[in-house]
Amino acid sequence: MRLRSTLSGSVEAVAPENGRIGVYVCGVTPYTESHIGHAMSLLVYGVLIRYLRWRHPGVEIRYVSNYTDVDDKIIERALELGRDPASLAQQNIDLWEAQQAALGILAPDVRPRVTTEIDAIVAAIGRIIENGHAYAVPGAGVYFRVRSLPGYGKLSHRPLDEMRAGTREEPGHGKEFPLDFALWKAAKPGEPTWPSPWGPGRPGWHIECSAMAQRYLGASFSVHGGGTDLVFPHHENEIAQAEAVTGPGSFARLWMHNGMVLRDGEKMSKSLGNVVSVAEALDRWTPDALRLFVLSKHYRQPTNLTDEAMAAAQRGVDRLQQALAEEPAREGSPPPEAASARARFVEAMDDDLNTAQALAVLFDLARAINRSREVGDHGSAARATLRELASVLGLALPADAHADLSRISGAELSEIASRFDVAAAEADAADVVEALLAQRQAARAERDFALSDAIRDALSEAGIEVQDGPQGARWSVRG
RNA sequence: GGCCACGUGGCCAAGUGGUAAGGCAGGGGUCUGCAAAACCCUUAUCGCGGGUUCGAUUCCCGCCGUGGCCUCCA
């Protein structure tokens, strides 16, 4: 497959390095709970990995994504809350991992953290100093010597002198040059510290990623990803650090960046108060709807989260689910669309992860299945293809997606049951619904449509939709 | 101010030098006791102005607009 690389600006083939395809993606700094933008990012890279594994079954795909669990913000936040930075980070990581699982986001093979990789980081800094690309400033720490590296700025495509313009001097830190950045920060009172040849302290921001990426993927690897907001300075600095250790041209072959999630047209930010947390998203929308929303546009484009867009995404998911719903019928010849679907899907995904086009293949497949069902064919081959391709995109499309009654009011259901003289003693809400439907079916058999419609309306008001089909009535919880 | 993207039907969103996927919404129809779902039909010349070309939405220039980065950020 091919991906557009931020480094070269062109579309390049994803190729194995050192016998495998290694992918490193910048994870979160767990100083607070994660938001929908973090989820969108990892969701996309998870799809990339799923696709690579599906497309290249014989190739090892190693997926590494980190946690920067020591950093200014974590320390600052912990201080505000009067608690230990480590436990704060751990709490947010635990929450985030549970949420990722709920969202169906593929877990990385390795999730390194700064606090458990200090040895690798210290070793990397040592090499950078040895190679003349960094210098220690007593009492301040270690700085990377940006001007010593000729290629600095090649990722963000900005010459060094141009970047200098917007930079403010930081007096008192002993920097040789304003753009030099910290590899190691000398210990301050009350902060977590580790010993080092340059005195106690902690790693600066960028070094952890290059050190951990090279530790788990080697000096050079296939793909490095992250949000487009990380291009500068984070990824630029990662390249500089890595090349200062392993030489020019090492490190990631291809740099991939995803666009930002906007909320109602604006970037999510604390000051605007428009941050949508993962918790809120999970509460309001289904994982598949969020996934469909994210994948319905190209990963590099910014994506605007609106209630309308999410409603549309949910309806789209319903449509795919509907096509997969089992209904007994005879097996017929598979619709012709099924044969070409796989090829079209691969073509789309190979071309810079064009998930929007890939989704179109799924929807075409859904239509083909529904059409064949109209003429009495089961279409199971096409169904299996749809399910397989959907799973590559991480769409769960669970058969029981709309059977979850946990959000339906039990009291309301009991009230409806008693209103229609149905025994509501059943502990299981589903049994109550089934009993009501049986009552309704009896009414329909007697052509008492007033009663049957009243039951349907009552259930609908409670959030349960009833549909009559050839095999009887089916119910589903409104999304 | 500098750098980089983007501007496609009511909304969301792919895409191509030779008049444009898919989803949502709307309209008409089939099916249904009625609905719902599903199926069929139906809605676009691609921000504006130039240029290159036999031909541009697709390439180039300018303008307008939106977003991102340039400081922490997925």
Side-chain angles (χ1 to χ4, degrees), chain A residues 6 9 25-29 31-32 34-45 65 68 71-73 76 153 156-159 162-168 170 205 225-234 236 257-262 265-270 292-293 295-298 300-306 308-323 325 327 344 348 351 354-375 444 447-450 452-453 456-457 460 465-470 473-476:
Chain A
T6 307
V25 175
C26 286
V28 301
T29 298
Y31 71 98
T32 182
S34 295
H35 58 65
I36 198 68
H38 301 125
M40 181 268 194
S41 183
L42 286 208
L43 191 156
V44 164
Y45 295 107
S65 185
T68 301
D71 142 288
D72 292 348
K73 283 192 174 175
E76 193 179 303
S156 49
H157 304 111
R158 266 180 289 208
E162 193 175 277
M163 285 189 274
R164 190 181 181 176
T167 313
R168 53 172 187 269
E170 291 184 50
W205 180 29
T228 182
D229 54 344
L230 294 179
V231 172
F232 186 90
H234 186 54
E236 193 72 61
H257 291 100
N258 61 278
M260 300 290 99
V261 176
L262 311 179
E266 291 186 276
K267 186 179 180 182
M268 292 189 289
S269 76
K270 291 230 166 58
L292 192 72
F293 165 72
L295 298 182
S296 68
K297 61 203 69 178
H298 192 94
R300 245 182 303 108
Q301 300 308 127
T303 179
N304 189 20
L305 179 71
T306 64
E308 294 71 29
M310 284 309 304
Q314 183 61 59
R315 298 280 289 115
V317 169
D318 290 347
R319 181 174 172 74
L320 294 178
Q321 237 148 21
Q322 189 70 30
E327 271 180 40
R344 289 174 60 211
D351 182 18
N354 193 334
T355 53
Q357 210 157 63
L359 281 171
V361 175
L362 300 203
F363 281 108
D364 287 346
L365 214 37
R367 171 171 289 110
I369 291 166
N370 289 332
R371 197 181 287 150
S372 67
R373 178 159 44 212
E374 293 277 317
V375 298
R444 290 185 74 207
R447 301 193 69 79
D448 182 355
F449 296 120
S452 90
D453 288 352
R456 183 171 66 192
D457 291 346
S460 177
E465 299 297 344
V466 176
Q467 295 178 22
D468 297 311
R474 301 181 357 174
W475 60 270
S476 62

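Naming: A, B, ... by sequence-line order, numbering from 1 per chain.
- Regarding A:E236, its CD atom lies at a distance of 16 Å from the P atom of B:C69, rounded to whole Å.
- Across the C1' atoms, B:A56 and B:G49 are found 15 Å apart, a figure rounded to whole Å.
- Pair check for B:G1 finds B:C70; Watson-Crick or G-U wobble, both atom distances under 3.5 Å.
- As rounded to whole Å, 22 Å separates atom P of B:A21 from atom CG of A:L295.
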Its contact letters, B for base, S for sugar-phosphate only and - for none at protein heavy atoms under 4.0 Å, make nucleotides 1-12 of chain B read -B---S-----S
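- Judged purely by atom type and a 3.5 angstrom limit, A:S296 uses its side chain to pair as donor or acceptor with the backbone of A:F293.
- To the nearest angstrom, C1' of B:C70 lies 12 Å from CG of A:D229.
- Here A:G226 lies in heavy-atom contact (under 4.0 Å) with sugar-phosphate atoms only.
- Judged as a salt bridge (Lys or Arg N to Asp or Glu O under 4.0 Å), and not counting sequence neighbours, A:R319 has no contacts.
- A search for side chain to side chain contact (heavy atoms under 4.5 Å, CB included) contacts involving A:E266 returns A:L272, A:N274, not counting sequence neighbours.
- Applying the ring pair (Phe, Tyr, Trp, His ring centres under 6.0 Å) rule to A:H298 yields no partners; only residues at least two apart in sequence or on another chain are considered.
- Using a 4.0 Å heavy-atom cutoff across all strands shown, A:M40 reaches no nucleic acid atom at all.
- At a threshold of 4.5 Å between non-hydrogen side-chain atoms, the residues A:L295 and A:L43 count as touching.
- Position along RNA chain B of the nearest nucleotide to A:K267 versus A:L292 favours A:L292 as the more 5'-ward residue.
- Under the 3.5 Å distance criterion, the side-chain polar atoms of A:N354 are matched with a main-chain donor or acceptor of A:Q357.
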Which letters describe nucleotides 33-42 of chain B, given B = protein heavy atom under 4.0 Å from base, S = only from sugar-phosphate, - = neither?
-> BBBBSBSS--
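- Spacing between B:G26 and B:C64 at atom P, rounded to whole Å, works out to 39 Å.
- Distance CZ (A:F232) to C1' (B:A74): 18 Å, rounded to an integer number of Å.
- Of the C1' atoms belonging to B:C31 and B:A37, the separation is 11 Å, rounded to the nearest Å.
- A heavy-atom distance below 4.5 Å is not found between the side chains of A:R300 and A:T228.
- With B:A13, B:A74, B:G15 as the choices, the nucleotide that has an atom nearest any side-chain atom of A:A356 turns out to be B:A13.
- The residue A:H298 sits close only to the backbone: its heavy atoms come under 4.0 Å of sugar-phosphate atoms, none of a base.
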Given the rule in the side chain to side chain contact (heavy atoms under 4.5 Å, CB included) test, do A:L42 and A:V28 qualify, once you have shown the distances and angles that lead to the verdict?
-> CA-CA 10 Å; A:L42 286 208; A:V28 301; over 6 Å; no
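- For the salt bridge (Lys or Arg N to Asp or Glu O under 4.0 Å) test, no residue two or more places apart in sequence or in another chain qualifies with A:D457.
- Rounded to the nearest Å, the gap between the P atom of B:C59 and that of B:U8 is 15 Å.
- B:A21 atom P lies 18 Å from atom CG of A:L362, rounded to whole Å.
- Rounded to whole Å, the separation between the C1' atoms of B:C54 and B:G18 comes to 10 Å.
- As rounded to the nearest Å, B:A13 and B:G28 have P atoms that lie 28 Å from one another.
- Counting non-hydrogen atoms under 4.0 angstrom, A:A312 reaches the backbone sugars and phosphates but no base.
- With P as the reference atom, B:C11 and B:U45 are 13 Å apart, rounded to whole Å.
- Across all strands shown, B:U53 has no partner, as no Watson-Crick or G-U wobble contact with both distances under 3.5 Å is found.
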Does the side chain to side chain contact (heavy atoms under 4.5 Å, CB included) test come out yes or no for A:M268 and A:L305, once each step is laid out?
-> CA-CA 10 Å; A:M268 292 189 289; A:L305 179 71; 5.7 Å; no
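- Nucleotide B:G7 has B:C64 as its partner under the Watson-Crick or G-U criteria, with both atom distances under 3.5 Å.
- In this structure, B:A37 forms no base pair with any nucleotide, since neither Watson-Crick nor G-U wobble geometry is met with both distances under 3.5 Å.
- When heavy atoms are screened at a 4.0 angstrom cut-off, A:V361 is found touching no nucleic acid atom at all.
- Within 4.0 Å (heavy atoms only), A:G27 reaches sugar-phosphate atoms of the nucleic acid but no base atom.
- Between A:R456 and A:D468, some side-chain heavy-atom pair lies under the 4.5 Å cut-off.
- Nucleotide B:U19 has no partner under the Watson-Crick or G-U criteria, as no pair reaches both atom distances under 3.5 Å.
- Summarising the geometry, the separation between CG on A:D72 and P on B:C72 is reported as 9 Å, rounded to the nearest angstrom.
- B:A38 and B:U32 have their C1' atoms separated by 12 Å, with the value rounded to a whole Å.
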